[in-house]
Engineer: 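What follows is a single structure, and I will ask about it in a moment.
Quick caveat, the model's predicted, so the values are computed rather than measured.
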Amino acid sequence: MRLVQQRKAALAVICILVLASPAAFARTKYACDEPDPASLCTAANTCGSASAPCTIDVTKAGNSSNVRPGIPNARNNQFFCIKKGTTVVWMTSNRNTGFMISFGTDSPFDPDDPIIGGANRQITVKANIPGCYKYDAGAFYPGAIFGMRGGSKPELVIIP
């Protein structure tokens, strides 16, 4: 019995040490909460360039929406980067689907209005203000009883 108690105590001490270590706090759930989110930008997660637009596909999937940048092997709602001055095309590959992207009061795009488009209406903006941004993305079917389906809180960085 005493050996079991000693093992439990040792396990508890190890757990506390691991959880309190600096490595446990090295990364947060959100890239924008990092001290220097722009340092996470690489060629593999940067969308578009001065000569090629960044195309971002907003789709509806079940009860949620997905945002996928035009990057090879991109995943839904992944963190990605865009260079300042890049033309960005927001669109959806879903038929009969609308979408809305909102950055709140701090949009990095010009114009800085909410981005509202659909299957037959791509929205083109220009990446304008460097920084890290969390945004709301929603997709919907016109006339749907339950309205827009959201739930995704993707992030992007506009790099100088």
Engineer: Is the distance from the ring center of F103 to that of F109 below 6.0 Å?
Structural biologist: yes
Engineer: Calculate, to the nearest 0.5 Å, the distance between atoms CG and CD1 belonging to D113 and I101 respectively.
Structural biologist: 14.0 Å
Engineer: Strictly distance-based, threshold 3.5 Å: is any side-chain N or O of D110 a donor or acceptor partner for the main-chain N or O of N128?
Structural biologist: no
Engineer: Roughly how far, to the nearest 0.5 Å, is CD1 of I129 from CG of D112?
Structural biologist: 7.0 Å
Engineer: Within the side chain of T86, is there an N or O that forms a donor-acceptor pair under 3.5 Å with the backbone of A127?
Structural biologist: no
Engineer: I need the minimum non-hydrogen distance between G138 and V58, along with the two atoms involved.
Structural biologist: O-CG1, 4.1 Å
Engineer: Spell out, as yes or no, whether a donor-acceptor pair under 3.5 Å connects the side chain of R121 to the backbone of I116.
Structural biologist: yes
Engineer: Can you get from I123 to V89 by hopping between Ile, Leu, Val, Met, Phe, Trp and Tyr side chains that sit under 4.5 Å apart?
Structural biologist: no
Engineer: Check side chain to side chain contact (heavy atoms under 4.5 Å, CB included) between K126 and all other residues, then give those that pass, not counting sequence neighbours.
Structural biologist: T87
Engineer: Donor-acceptor pair, E155 side chain versus A31 backbone, under 3.5 Å?
Structural biologist: yes
Engineer: Could you state the interatomic distance from OG1 (T59) to CG (N76), rounded to the nearest 0.5 Å?
Structural biologist: 5.5 Å
Engineer: Working note: V88 + I82, criterion side chain to side chain contact (heavy atoms under 4.5 Å, CB included); need CA distance, chi angles, decisive distance, verdict.
Structural biologist: CA-CA 9 Å; V88 179; I82 304 170; 3.9 Å; yes
Engineer: Hey, does F99 have a side-chain heavy atom less than 4.5 Å from the side chain of I115?
Structural biologist: yes
Engineer: One pair to check against side chain to side chain contact (heavy atoms under 4.5 Å, CB included): F79 and V157. What are the steps and the verdict?
Structural biologist: CA-CA 8 Å; F79 164 81; V157 168; 3.4 Å; yes
Engineer: Does M91 offer a backbone N or O that forms a donor-acceptor pair with the side chain of Q122 under 3.5 Å?
Structural biologist: no
Engineer: Check for a donor-acceptor pair, side chain of S39 on one end and backbone N or O of P37 on the other, with a separation under 3.5 Å.
Structural biologist: no
Engineer: Rounded at 0.5 Å granularity, tell me how far CG in D33 sits from SG in C132.
Structural biologist: 8.0 Å
Engineer: Counting only heavy atoms not in D36, do more than 12 fall under 6.0 Å of its CG?
Structural biologist: yes
Engineer: With a distance cut-off below 6.0 Å to the six-membered ring centre and an angular limit of 45° from the axis, does K134 pair with Y30 as a cation-pi contact?
Structural biologist: yes
Engineer: Not counting sequence neighbours, which residues clear side-chain hydrogen bond (donor to acceptor under 3.5 Å, both in side chains) with S93? List them please.
Structural biologist: D57
Engineer: Can you see which heavy atom on G70 is nearest to which on C47, and at what distance?
Structural biologist: N-SG, 3.8 Å
Engineer: Looking only at non-hydrogen atoms, find the nearest pair between C41 and I159 and report the distance.
Structural biologist: SG-CG2, 3.6 Å
Engineer: Applying side chain to side chain contact (heavy atoms under 4.5 Å, CB included) between P154 and each of D136, I56, V67, report the one that passes.
Structural biologist: V67
Engineer: Looking at CG of N45 and CG of L156, how far apart are the two atoms once the value is rounded to the nearest 0.5 Å?
Structural biologist: 11.0 Å
Engineer: Looking at every heavy atom in both I158 and Y133, which two are closest together, and how far apart are they?
Structural biologist: CG1-CE1, 4.0 Å
Engineer: Hey, could you give me the SG/CD1 distance between C54 and I71, rounded to the nearest 0.5 Å?
Structural biologist: 6.5 Å
Engineer: Measuring only between side-chain heavy atoms, which start at C-beta, is P69 closer than 4.5 Å to Q78?
Structural biologist: yes
Engineer: Does some side-chain heavy atom of P160 sit less than 4.5 Å from a side-chain heavy atom of K84?
Structural biologist: no
